[in-house]
Amino acid sequence: MYTLGIDIGGTKIAGAVCDENDKVLSQWRVPTPSEPDEINDCILEIYNEALKLHSDIPTMGISAAGNVKADRRTMSFSANIAKWIDYPLADRIEELTDHKCKVVVENDANCAGWGEYILGAGRGSRNMVMLTVGTGLGGAIIINGELYRGSFGMAAELGHLPMVSDGDFCGCGLRGCAERYTSGNALEHFARSGIRRMPQKGKRLLELCGGDVDTLEGKMVSQAAQEGDELALYAFGKIGEWLGRTMAAIAAVIDPDLFVIGGGVISVGDILLEPARYNYTRFLQAAAYREHAKILPATAGGDAGMIGAADLAMREA
Ligand SMILES: [Zn+2]
């Protein structure tokens, strides 16, 4: 049986036909439009292309950024697509396929976490938590080998754990959320504030951003850190510290055997993982008297979310 996995990203919509062993047979990529109707048309186009190659595709899994209701069909809210408020995404796509394809919608971080669990660093774990350190901080929780969605489909919004009382304002409207302190955005923030306070130490970073601190990007901080630049390493030390604190807070609730760290920022490897591991132990309750979860980088690659979405839909069918 074939399943179509769709990943609606900020810049592109990716689609892949997967077989029952999660093997990708064919794939497509198109730029993401901004209007829901246009997004639906893009998905239909990929579905029709997929049908030309594989005559029967009875299920489709869609990975989407935002909150998905417990019915796994409706987008309750998305920071990226303003009109996705109580939006019946699965209904719309099923109508477009003349109800020949059953659609399951899942939060993008959940799909990435599930992909990592079935294909990547999570294999063999029982209770796993994935943290995706991208622009923001995404989360996924697997308990006893199953994706944990919570009672209302809202579980694992780990980037919005309230870590700091009256802290920095978050895009979600609250203050002090974990992703304000550990994410790609936070990395840029710590590097910029470091340059402003210690310009003599910011020479390499200023060089990389052409002298304009406001244009400094996370990948420049990663590059400088890999060259050994002190200020870039300081910025990674800060987001690593907060990642460790966040994992310790999660461990107090979930007690997982494994944390998998994904997202663009993890390309620096131990530069992020070392301070994260150190501070995880530092803030873990009864640290000396318990077994510790492993903390590993993600290995399933950029298509993990799309394949994860297909696999979750296949299990539903
Ligand atoms: Zn928040």
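By convention here, the first residue in the shown sequence is residue 1. Start at 1 and go down the list; that is how both ligands and their atoms are numbered.
Tyr280 has its ring centre less than 6.0 Å from the ring centre of Phe259.
Using a cut-off of 4.0 Å between Lys/Arg side-chain N and Asp/Glu carboxylate O, Asp7 and Lys12 are scored as not salt-bridged. Electrostatic pairing of Arg245 and Glu241 counts as a salt bridge here, judged by a charged N lying under 4.0 Å from a carboxylate O. We find that Arg277 and Asp270 are joined by a salt bridge, their nearest charged nitrogen and carboxylate oxygen being less than 4.0 Å apart.
Asp257 and Ser125 form a side-chain donor-acceptor contact under 3.5 Å, judged by distance and modelled atom types alone.
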Going by atom type alone, with no hydrogens or angles, which donor-acceptor pairs under 3.5 Å involve a side-chain atom of residues 146-161 and a protein atom two or more places apart or on another chain?
unit_1, atom_1, unit_2, atom_2, d
Arg149, NE, Glu106, OE1, 2.8
Arg149, NH2, Glu106, OE1, 3.1
Glu157, OE2, Asn67, ND2, 3.3

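Protein N/O/S atoms found under 2.8 Å from the Zn ion (ligand 1), listed by chain and residue number: His160 ND1, Cys170 SG, Cys172 SG, Cys177 SG.
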